[in-house]
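See below for the structure under consideration.
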Amino acid sequence: MTQVDPDQGVYGISVAAELVEMGAQTLRQYEARGLLEPDRTAGGTRRYSPNDLDRLRRIAGLLDAGVNLAGIGMVFDLERQNHDLTEQNTRLRAMRGAAMTPDESDTTNHADAAGEADLLDQAADLPGDEDDDYPLGDPDPPQAPG
DNA sequence: CTTCTGACA
DNA sequence: TGTCAGCA
């Protein structure tokens, strides 16, 4: 049986917009905001995957909950970081359980010191490898009167 | 179909 | 702020 890749873009923007009950312009806007990145054909037209449609429905839900588009972008980024960190966590746990015997808690000579340091480096780099998108720096919003 | 700009609540 | 209409 040929299983369908849920990440594979199949729907054109009009079909996708109808399926999620949004305007096509709105879908383009979400992509411009970085909330979505549907596939593109060689000609440059968007192809939305089933996962993209789920993402669009989640955007609608978050908007309905009162989260603005900027906040939704933060939610998605945090979800990705959470996913990556969880993955690294399970790998670290698995490796430590396999490589260490009770007597070998010797601090001087770890057989897998190199590999362990490598994983630790990856874990440490995770939050930063996403170039700092949301500085959260200026607390005062630049707002024009009227 | 694409990007871009402006208007409305 | 988010959505929609019109243009090229």
Side-chain angles (χ1 to χ4, degrees), chain A residues 1-100 104-105 107 110-146:
Chain A
M1 286 295 283
T2 65
Q3 286 294 344
V4 177
D5 184 359
D7 284 325
Q8 198 69 31
V10 284
Y11 309 106
I13 190 171
S14 288
V15 176
E18 178 138 2
L19 287 175
V20 298
E21 296 176 299
M22 297 175 179
Q25 196 72 227
T26 304
L27 268 55
R28 296 192 189 98
Q29 193 69 19
Y30 291 165
E31 182 180 356
R33 296 293 190 112
L35 303 182
L36 209 62
E37 199 159 336
D39 290 344
R40 296 276 185 152
T41 66
T45 65
R46 296 171 174 81
R47 285 290 124 95
Y48 289 83
S49 71
N51 274 353
D52 289 331
L53 299 187
D54 285 342
R55 214 171 166 80
L56 287 169
R57 297 189 185 97
R58 296 197 52 218
I59 293 173
L62 288 168
L63 282 174
D64 188 66
V67 185
N68 63 17
L69 293 181
I72 294 175
M74 292 176 164
V75 170
F76 287 167
D77 276 0
L78 287 173
E79 282 180 349
R80 163 133 226 98
Q81 291 174 21
N82 190 316
H83 172 81
D84 291 344
L85 286 172
T86 301
E87 221 170 48
Q88 292 293 337
N89 195 335
T90 57
R91 288 183 57 191
L92 284 168
R93 286 176 180 275
M95 201 192 71
R96 197 168 55 172
M100 217 166 56
E104 283 171 353
S105 21
T107 53
H110 288 275
D112 282 338
E116 185 167 351
D118 207 40
L119 275 185
L120 288 174
D121 274 352
Q122 291 181 34
D125 284 347
L126 260 181
D129 70 2
E130 224 116 350
D131 32 335
D132 42 3
D133 283 344
Y134 308 104
L136 300 179
D138 303 355
D140 52 325
Q143 199 165 0

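Below, chains carry the letters A, B, ... as their sequence lines are ordered, and counting in each starts from 1. These values consider heavy atoms only, across backbone and side chains, with no hydrogens, waters or symmetry-generated copies.
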Got [X] and [Y] here, is their nearest side-chain heavy-atom distance under 4.5 Å?
X	Y	answer
A:Leu69	A:Leu63	yes
A:Arg40	A:Arg46	yes
A:Gln81	A:Leu78	yes
A:Leu56	A:Leu36	yes

Does [X] have any side-chain hydrogen bond (donor to acceptor under 3.5 Å, both in side chains) partners at least two apart in sequence or in another chain, and if so, which?
X	result
A:Asn51	A:Asp7
A:Asp64	none
A:Thr90	none
A:Asp5	none

Which atom of [X] lies closest to which atom of [Y], heavy atoms considered:
X	Y	value
A:Gly71	A:Val67	C-CG1, 3.7 Å
A:Val10	A:Pro50	CG2-CD, 4.3 Å
A:Leu27	A:Ala16	CD2-CB, 4.0 Å
A:Leu53	A:Tyr48	CD2-CB, 4.3 Å

What protein N or O atoms touch nucleotides 3-7 of chain C N or O atoms at under 3.5 angstrom, if any, and at what distances?
from, atom 1, to, atom 2, distance (Å)
C:dT3, OP1, A:Tyr30, OH, 3.1
C:dT3, OP2, A:Tyr30, OH, 3.3
C:dC4, OP2, A:Thr26, OG1, 2.8

Give the rounded distance in Å between these two atoms: CG of A:Asp64 and P of C:dT1. 19 Å
Any residue of residues 14-21 of chain A with a heavy atom less than 4.0 Å from an atom of DNA chain B: A:Ser14
Neighbours of DNA chain B within residues 45-54 of chain A, by heavy-atom distance under 4.0 Å: A:Thr45, A:Arg46
Ranges pairing with ranges for DNA chain B, where each run has three or more Watson-Crick or G-U pairs under 3.5 Å: B:4-9 with C:1-6
Reading DNA chain B from 5' to 3', where do the contacts with chain A start and stop? Cut-off is 4.0 Å to heavy atoms. B:dC1 to B:dC4
Give me each pair satisfying salt bridge (Lys or Arg N to Asp or Glu O under 4.0 Å) with a member in residues 50-63 of chain A, each pair once, sequence neighbours excluded. A:Asp54-A:Arg57, A:Arg58-A:Glu79
Kindly state each residue pair satisfying side-chain hydrogen bond (donor to acceptor under 3.5 Å, both in side chains) with at least one member in residues 9-30 of chain A, sequence neighbours excluded. none
How would you list, by chain and number, every residue that makes a salt bridge (Lys or Arg N to Asp or Glu O under 4.0 Å) with A:Arg33, sequence neighbours excluded? none
